[in-house]
Amino acid sequence: LRQLSLAGHATAGPGRGMAHRDVTGMAERLASTAATGLPRATGLEALAAEQSSPRLRRALRDLGRQIEAGVALETALEATGRSLPQDLAAVVRAGLRSGRLPLALSEFADLERESAHLRREMLLGLTYPVLLISVSLALLLGVMLFVVPPMQAIFDDFAIEVPAITAGILGASSLIREYGAAIAFV
């Protein structure tokens with residue numbers, strides 16, 4: 001097998017209007033159609049009829065119609081413009097050239113599925129720290145606005161000399177009360 005370059009064909013995400021799960025579904029359906037040996041146009045039309053996603057159904061039907069009109073699969077995929085990712089078209093091109101289209105599309109679908117899983121895990125992994133930081137900042141703000149000022153009044157009433165760290169906290173509280181809105185916009 002010769003190595004095929006996919007440089008310049010990959011995109012950062014799915015095409016405009018198609019979710020990653022739709023791209024994965026399309027790759028899986030194209031792989032199953034290629035593996036069964038059905039005529040591509042017939043297979044794509046049958047697969048389109050099974051789909052619950054309107055975007056995926058429309059994309060599969062459009063591909064089927066173009067192939068039925070005599071357009072090559074890779075050309076039909078490229079002709080869809082930005083509604084499909086260019087990396088899917090590149091995988092189809094590589095699969096057709098290598099003679100392993102079903103395998104290439106299956107691996108592409110697996111990679112898309114793993115990519116979606118990693119994105120989901122990363123989002124879930126970041127949710128707790130962001131929530132924890134937000135709650136901590138809200139508590140700190142509450143202490144600086146509602147607990148420290150009465151304490152400052154007590155220190156002032158009794159003319160108590162406070163340690164440097166307490167003076168720093170009292171000063172920070174005063175700054176937040178006086179310039180809090182300006183600080184929030186920065």
Side-chain angles (χ1 to χ4, degrees), residues 5-31 47-48 50-60 62 77-78 80-92 94 104-186:
S5 172
L6 299 179
H9 296 289
T11 58
R16 237 184 344 191
M18 280 193 90
H20 282 280
R21 70 177 182 280
D22 290 341
V23 173
T24 304
M26 175 171 261
E28 288 171 341
R29 271 103 185 136
L30 287 172
L47 289 171
E50 300 173 359
Q51 301 312 306
S52 59
S53 166
R55 288 184 179 140
L56 183 55
R57 186 173 39 246
R58 184 173 40 253
L60 288 169
D62 289 346
L77 278 171
E78 289 173 0
T80 61
R82 295 186 52 88
S83 65
L84 292 176
Q86 292 300 306
D87 50 357
L88 179 58
V91 167
V92 169
L105 288 168
S106 292
E107 288 180 9
F108 176 79
D110 290 343
L111 289 172
E112 280 289 315
R113 199 173 6 271
E114 183 65 25
S115 174
H117 175 73
L118 288 174
R119 273 189 305 279
R120 195 171 34 254
E121 289 294 317
M122 201 164 53
L123 181 64
L124 289 173
L126 290 174
T127 300
Y128 180 71
V130 167
L131 182 65
L132 190 63
I133 289 169
S134 299
V135 169
S136 297
L137 288 174
L139 286 172
L140 180 63
L141 186 62
V143 166
M144 292 298 222
L145 291 176
F146 302 110
V147 175
V148 173
M151 297 300 293
Q152 185 172 10
I154 292 171
F155 294 144
D156 290 344
D157 287 346
F158 288 108
I160 298 173
E161 191 172 322
V162 294
I165 194 160
T166 305
I169 292 172
L170 294 173
S173 175
S174 295
L175 280 174
I176 290 173
R177 281 192 318 256
E178 291 177 31
Y179 303 107
I183 293 171
F185 286 117
V186 175

Check your understanding: Going from CG on L137 to CG on L132, what distance comes out if it is rounded to the nearest 0.5 angstrom?
Key -> 9.5 Å
Study note, to complete from the structure: To the nearest 0.5 Å, atom NE2 of H117 lies from atom CG of D110 at 13.5 Å
Practice item. Determine, stepwise, if the pair T24 / F108 fulfils side chain to side chain contact (heavy atoms under 4.5 Å, CB included). Key: CA-CA 8 Å; T24 304; F108 176 79; over 6 Å; no
Review point. So how far is it from S136 OG to L141 CG, rounded to the nearest 0.5 Å?
Key: 12.5 Å
Run the side-chain donor-acceptor check on residues 171-184: report pairs under 3.5 Å with partners two or more places apart or on a different chain.
| unit_1 | atom_1 | unit_2 | atom_2 | d |
| --- | --- | --- | --- | --- |
| S173 | OG | M144 | O | 2.5 |
| S173 | OG | R177 | NH1 | 3.0 |
| S174 | OG | L170 | O | 3.2 |
| S174 | OG | R177 | NH2 | 3.3 |

Point to revise | Verdict with supporting geometry, E112 and D87, side chain to side chain contact (heavy atoms under 4.5 Å, CB included) | key: CA-CA 11 Å; E112 280 289 315; D87 50 357; 4.3 Å; yes
**Study point:** Gap separating the CZ atom of R119 from the CG atom of L124, nearest 0.5 angstrom
**Key:** 13.0 Å
Review point. Does the side chain of M151 come within less than 4.5 Å of V162's, by heavy atoms?
Key: no
Check your understanding: What distance separates Q152 CD from D157 CG, expressed to the nearest 0.5 Å?
Key -> 10.5 Å
**Study point:** Rounded distance (nearest 0.5 Å) linking atom CD1 of I133 with atom CG of L140
**Key:** 13.0 Å
